[in-house]
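Note on naming: letters A, B, ... go to the chains in the order of the sequence lines (proteins, then strands), and numbering restarts at 1 for each one.
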Amino acid sequence: MSSRDTILQRLRNRSGGELRAPACDFSVLKRPDWSTAEKLGLFQKTIESVHAEVHRTTEMDWIEKLIELMAARGVQSLLASNGTEVGHRVTQAAAARDDFPEVRVYDKAIEQWQEELFSTVDVGITSTRGGIAETGTLILWPSSDEPRLMSLVPPIHVAVLYASELYSTFHEAMQKQNWRNGMPTNALLVSGPSKTADIEQTLAYGVHGPKELIVLVIE
Amino acid sequence: MSDHAHASAHHIDVKEFHPRAQAAIHNPKIRQNFRKAMDGLMTKRKSAFEGWDLETLRDLGSNIRMRALANLPDLLEQLEAKLTENGIKVHWAVDADEACKIVRDICVARDAKSVIKGKSMVSEEMELNHYLQEHGIDALESDLGEYIVQLAEETPSHIIMPAIHKNTDEISQLLHDKTGTDLSHDVEYLTASARLQLREKFRNADVGVSGVNFAVAETGTLCLVENEGNGRMTTTVPPCHIAVTGIEKVVPNLEDVTGLLALLTRSATGQHITTYFNMISGPRKPDELDGPEEVHVVLVDNGRSSIFQDDELLDTLKCIRCGACMNHCPVYTRVGGHTYGTTYPGPIGKILMPHLIGLDEGRHLPSASSLCGACGEVCPVKIPIPDLLVRLRQESVDGDKLHPAKVRGHGAKRNSLEAMVWKGWSFMHAKPGLYRMGTGMAAKFHKLQPGNLGAWTKYRTAPKLAPKTLHQRMKERNT
Ligand code: SF4
């Protein structure tokens, strides 16, 4: 008999009594109906408490804000998406202005430029699929337009979040966006920059992923 | 288990618990390192649950896990079907040895020479690194704590914080000796050096091996909880990802992970959420530009289906491996994780390991507890750990006639003298006349009681028999 069948058979022929599945009441996870302003306030407070930076801006001005933040950090190169709205805004701005860092677009398979991505890119900028107020969390659904490594490998991750897309809880976000009907190959919740406390409980940032997480909130 | 023994972590003799406990108790460094860390973790957990209806939330966690276990075989089949539909290859392993072989075979088929690992307690249980090494495949830990422990050629002393037994000094010295970094107290510097060394490894690894926190049957999704990003690296950068998981980790619905996640991170480290919650539902699609081209899941039984047989012991399988029980355990805090000599230390180890290694091997585990109850009070999925410890104590002496012992190696601690004493005890308690006579005699001759009661009086004074029994005193009062 295969191991699979051995295991399943042992589980099916268990010697104990019949197991009853209890009902699960998720209402304990529910939060009041917060307004967008309240959600944004909580989101910002929570994500800032874990070392992320939040800047409130507008559809018009966020590129300007981005340039200012990049200049302050002396950023040389920025990685943008080839297919998202955020990516387009960045590439357009880069073409139109000379105070913009060099922009790379993620347009070929990782195997063809892995070393470059790991060693030369300072910033990855991505869109988000909303955020979660309670835990100060960004929802990311990487795709062919916005591959997984954009938010992981560069030392700085900039994420663009629409305040109108904030949910109160993870549970609410998942239900409203109907995740159970189709998950992408990789979905992520990101709540702050990469960190560790493995050396004597002392926090250090940027252990494997980005050292800095900057959120541009569009109000 | 055939060609290599999985009996215990690095083949430490689990039975030598007492000498190790002695040594640890007298080692101020261990005492300090654990005390400090556990105090911090307890405080953080407490504040993370402020404003929550914690009892209701724990009920939810317990119900979610119980609902999953109630349908375990069906859910595993559903999970397998969904994962397969998503393009993930599913393997089943009866024991640790078979699980190791599956991982090796996947590596060999890909001609893989180097494996990078994310944190996985199941892989510790399998002693996978050791196995792969023996078969010419390099396995490198990438979680910073695990990396430190691997450099030190040790095993994790805590399931969430593997290197908690070391302080900054010791880690600095270790990194200096093994990797040539400068001696430094600057944790930022030490972390940054590790990042640099490991990035190179991620780029060149042929295979990434990770654990799984929850496996969702309805969508075929593997969920991983982490702060560092090494888990994401492990599951994204190498061309092949192998996830190893215990068969009990499956939950029916995606919704279930919201309840369990809320409990897990707060119970473990006092975080509202970890930096990353990584949900993997498939390998790279043809139009995608990164991610592994192959994803495998190894469903590992290794004793779990035996635990599953018993209605009471079954609760053990609800565990979500948060570590809160060890953080709150007065014994664990004093003796540290290595004293147990088992993959999982502390209370969860005491109720889980006897099933994995047998109650003969793990005979001291259920009794390494004061039964203070703290573990059961903090457990986010309401596992009645103290009750299970009592049950395993009974099993280890075959002490409960009404419920025949079942756990492998039961009765290993049975001692005929002790059994006789207890038999006499219960006989006496069932006969009031005899009981009164016995206690009366004990009171009468209380002066003859020896002051030295062996192990009992080594650290305690002996309880003193009263000159009069309670019955006698009540009688006096009433006349
Ligand atoms: S037994 Fe409970 S407290 Fe201990 S690790 Fe498991 S879930 Fe956490």
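The closest donor-acceptor contact from the side chain of D311(B) to the backbone of G17(A) lies under 3.5 Å. Side chain of R14(A) to main chain of F308(B): a donor-acceptor pair is present (N/O by atom type, distance under 3.5 Å, no hydrogens or angles). The main-chain N or O of S15(A) is found under 3.5 Å from a side-chain atom of Q309(B) such that the two form a donor-acceptor pair. A donor-acceptor pair under 3.5 Å links the side-chain atoms of R195(B) to the main chain of G206(A), judged by distance alone.
Contact of D256(B) with chain A is made through backbone and side chain together, with heavy-atom distances under 4.5 Å. At a 4.5 Å heavy-atom cutoff, the contact between L76(B) and chain A is made by side-chain atoms alone. With a 4.5 Å cut-off on non-hydrogen atoms, I88(B) does not touch chain A at all. E228(B) touches chain A through backbone and side chain together, each having a heavy atom under 4.5 Å away. Contact of A93(B) with chain A is made through the backbone alone, with heavy-atom distances under 4.5 Å. Residue T269(B) does not touch chain A at all, counting heavy-atom pairs closer than 4.5 Å. For E226(B), no part lies near chain A; criterion is any non-hydrogen pair under 4.5 Å. Residue K82(B) does not touch chain A at all, counting heavy-atom pairs closer than 4.5 Å. Only the side chain of T219(B) comes within contact range of chain A, with at least one heavy atom under 4.5 Å from a heavy atom of that chain. Looking at T168(B), both its backbone and its side chain come within 4.5 Å of chain A, counting heavy atoms on both sides. Residue T265(B) does not touch chain A at all, counting heavy-atom pairs closer than 4.5 Å. Using a 4.5 Å cut-off between heavy atoms, L222(B) does not touch chain A at all. The contact between I164(B) and chain A is made entirely by side chain atoms (from C-beta outward), counting heavy-atom distances below 4.5 Å. Looking at I148(B), only its side chain comes within 4.5 Å of chain A, counting heavy atoms on both sides.
At a cut-off of 3.5 Å, with distance as the only test, a side-chain donor of S151(A) or R232(B) sits close to an acceptor on the other residue. Side-chain contact annotation: D290(B) with Y106(A), donor-acceptor N/O pair under 3.5 Å present.
Within the 4.5 Å cutoff, the side chain of F26(A) has heavy atoms near those of the I64(B) side chain. When side chains are defined from C-beta on, F170(A) counts as touching V257(B), because their heavy atoms get closer than 4.5 Å. A 4.5 Å side-chain heavy-atom check between R199(B) and V153(A) finds at least one atom pair inside the cut-off. Residues L254(B) and M183(A) are in side-chain contact: their nearest non-hydrogen atoms beyond the backbone lie under 4.5 Å apart. Side-chain contact between M279(B) and P184(A): absent, with no pair of heavy atoms (C-beta onward) separated by less than 4.5 Å. Contact of the L29(A) side chain with the L60(B) side chain is registered, since non-hydrogen atoms from C-beta on lie closer than 4.5 Å. Contact of the S191(A) side chain with the F277(B) side chain is not registered, since no non-hydrogen atoms from C-beta on lie closer than 4.5 Å. T196(A) has its side chain out of reach of N227(B): every pair of non-hydrogen atoms, C-beta onward, lies at least 4.5 Å apart.
The two residues S3(A) and W92(B) have their closest heavy-atom pair at CB-O, 3.6 Å. Across all non-hydrogen atoms, the minimal contact from R67(B) to A21(A) is CG-CB, 3.8 Å. Closest approach of A204(A) to T191(B), counting heavy atoms only: CB-OG1, 3.4 Å. Contact between P22(A) and M66(B) at its shortest, heavy atoms only, is CG-CB, 3.8 Å.
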Under the criterion side chain to side chain contact (heavy atoms under 4.5 Å, CB included), I'd like the reasoning laid out for Q114(A) against V237(B): C-alpha separation, chi angles, the key distance, then a yes or no.
CA-CA 9 Å; Q114(A) 194 212 48; V237(B) 179; 3.7 Å; yes
Assess whether side chain to side chain contact (heavy atoms under 4.5 Å, CB included) is satisfied between L198(B) and H208(A), documenting all intermediate values.
CA-CA 8 Å; L198(B) 284 163; H208(A) 292 292; 3.4 Å; yes
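Going from atom NZ of K119(B) over to atom CG of D198(A) covers 8.5 Å, rounded to the nearest 0.5 Å. Here CD of Q201(A) is found 7.0 Å from CE of M38(B). Values are rounded to the nearest 0.5 Å. Atom OG of S2(A) and atom NE2 of H91(B) lie 13.5 Å apart (nearest 0.5 Å). Distance check, rounded to the nearest 0.5 Å: CG of L175(B) to CD1 of I199(A) gives 6.5 Å. From R284(B), atom CZ reaches atom OG1 of T185(A) across 10.0 Å, with rounding to the nearest 0.5 Å. Of the inter-residue distances, the one linking L11(A) atom CG with N71(B) atom CG reads 12.0 Å to the nearest 0.5 angstrom.
Among the residues in residues 117-136 of chain A, those with a non-hydrogen atom closer than 4.5 angstrom to a non-hydrogen atom of chain B are F118(A), E134(A), T135(A).
Heavy-atom contacts from other residues, nucleotides or ligands closer than 6.0 Å to NZ of K201(B) number 12 or fewer.
Each of P193(A), P142(A), G192(A) has some count of heavy-atom pairs under 4.5 Å with chain B, and the biggest count is that of P193(A).
Remark: R203(B) is not positioned above the aromatic ring of W113(A), lacking an NZ or CZ atom under 6.0 angstrom from the ring centre and at most 45 degrees off the axis.
Residues D74(B) and R12(A) are paired through a salt bridge, judged by an N-O separation under 4.0 Å between the basic side chain and the carboxylate.
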